[in-house]
Amino acid sequence: MSHDSPPQKTARHVAVVMDGNGRWASARGLERLKGHARGVDRVREIVKVAPNYGIEYLTIFAFSTENWKRSAREVLGLMALFRRFIRKESDTMMRDDVRVRFVGDRVRLDKKLSALMEGLEERTRHNRTLNLTVALNYGGRDEITRAVRRMAKAVKSGMLEPDSITEDTLNDYLDTADLPDPDLIIRTSGEHRTSNFLTWQAAYAEYVFTQTAWPDFYEAELVEALEQYRNRDRRFGASEAV
Ligand code: FPP
């Protein structure tokens, strides 16, 4: 699929850096995992309402390649949340016609979790209303590095001609090969960083940064972010809004 999304006022592909769970919990005297658990509730809600706003693709940053540096307790707690989410939400995804995909390097994930991920991808593969992509053990640079490694192998084996390589070729080797580029990337909780999220794909994305911590990101916050997006001129490098 081409990485250029057609210009339009509705954000067809929205991606979210769900930041601020830890701070949300600490501010309430709760342990960080409680913030992540509340974050799962917001994931459920946003997945449910996204199609009502014309969103066809929703991509969420659940765990980065850098998140392994957190305490063992938090990492294990997050992994348990992911397993529970997949088990509990599988029927809902079928009912709501949501296709779920995972991007990121699965090699380091435990076997039980990666088996659950594969099972959910397989079960939901014919669903069409919303494409939910969960970035898990994901890093943009890591994704590009893995793509280049596979391209180099393809060149070595004679399957790929170096002079034929275009942007589309590289795009096809990324974890996100089947997805259009994000139109809008939302980051919650006040940080103004991209944090290695969709590094290649975000080239022309609009960013919306909000102060709200992810556990407080209700439907109204999404509406507000979409409104900001609608008011932006997207030029894709051209001199006038396209
Ligand atoms: C960032 O907040 C959030 C994460 C690293 C985890 C995001 C995961 C969830 C919201 C769980 C739900 C996901 C799925 C797919 C079920 P932070 O911990 O960095 O917050 P802080 O910056 O306040 O410390």
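When a ligand or atom number is given, it counts from 1 through the structure's own listing order.
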**OP:** Please determine, by modelled atom types, if Y138 and E143 share a side-chain donor-acceptor pair under 3.5 angstrom.
**Re:**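 Yes, side-chain donor-acceptor contact under 3.5 Å.
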**OP:** Could you tell me whether a side-chain N or O of R32 sits under 3.5 Å from a main-chain N or O of E74, the two making a donor and an acceptor?
**Re:**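 Side chain of R32 to backbone of E74: no pair is present.
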Original post:
Is the backbone N or O of N137 less than 3.5 Å from a side-chain atom of D105, with the two atoms forming a donor-acceptor pair by type?
Top reply: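 No, D105 side chain to N137 backbone: no donor-acceptor pair under 3.5 Å.
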Original post:
Would you call E66 and R193 a salt bridge, taking side-chain N to carboxylate O under 4.0 Å as the test?
Top reply: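 No salt bridge links E66 with R193.
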Subject >> Electrostatic pair E191-R23, nearest N-O below 4.0 angstrom >> reply: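 Judged by the 4.0 Å cut-off on N to carboxylate O distance, E191 and R23 do form a salt bridge.
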Original post:
Does N21 approach ligand 1 within less than 4.0 angstrom via side chain, backbone, both or neither, non-hydrogen atoms only?
Top reply: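 The answer is both.
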Original post:
With backbone taken as N, CA, C and O and side chain as the heavy atoms from C-beta onward, which portion of N67 lies under 4.0 Å from ligand 1: side chain, backbone, both, or neither?
Top reply: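 N67 to ligand 1: side-chain contact only, backbone stays beyond 4.0 Å.
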Nearest protein heavy atom to [atom], by residue and atom, and its distance?
atom: atom 12 (C) of ligand 1; answer: V40 CG2, 3.5 Å
atom: atom 13 (C) of ligand 1; answer: F82 CE2, 3.9 Å
atom: atom 4 (C) of ligand 1; answer: H36 CE1, 3.8 Å
atom: atom 21 (P) of ligand 1; answer: R23 NE, 3.5 Å

Original post:
Do V43 and F197 sit in the same hydrophobic cluster, where Ile, Leu, Val, Met, Phe, Trp and Tyr count as joined when their side-chain heavy atoms come under 4.5 Å apart?
Top reply: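 V43 does not cluster with F197.
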Original post:
Taking both backbone and side-chain atoms of G20, is any N or O found less than 3.5 Å from an N or O belonging to ligand 1?
Top reply: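 N/O-N/O distance under 3.5 Å: yes.
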Original post:
Looking at ligand 1, does D19 have a heavy atom less than 4.0 Å from it?
Top reply: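 Yes; D19 lies near enough to ligand 1 that a heavy-atom distance drops under 4.0 Å.
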Tabulate below the donor-acceptor pairs under 3.5 Å that side-chain atoms of residues 124-132 make, not counting sequence neighbours, or state none.
unit_1, atom_1, unit_2, atom_2, d
T124, OG1, V100, N, 3.0
T124, OG1, L120, O, 2.8
R125, NH1, E122, OE1, 3.2
N127, ND2, M93, O, 3.3
N127, ND2, V98, O, 2.9
R128, NH1, R125, O, 3.3
T129, OG1, D97, OD2, 2.6
N131, OD1, R101, NH1, 3.0
N131, ND2, E56, O, 3.3

Subject >> Per-atom contacts of ligand 1 with V134, taking only distances under 4.0 Å to non-hydrogen atoms >> reply: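 Listed by number with element: 15 (C).
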**OP:** Give the numbers and elements of all ligand 1 atoms closer than 4.0 Å to a heavy atom of A62.
**Re:**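 Once the distances to A62 are compared, the set is 6 (C), 7 (C), 8 (C), 15 (C).
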Subject >> Winner among R44, R70, M18, R32 once heavy atoms are compared against atom 19 (O) of ligand 1 >> reply: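 Checking each option, the heavy atom nearest atom 19 (O) of ligand 1 is found in R70.
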Solution key, residues 80-89 side-chain donor-acceptor pairs under 3.5 Å, sequence neighbours excluded:
unit_1, atom_1, unit_2, atom_2, d
R83, NH1, D110, OD2, 3.4
E89, OE2, R44, NE, 2.6

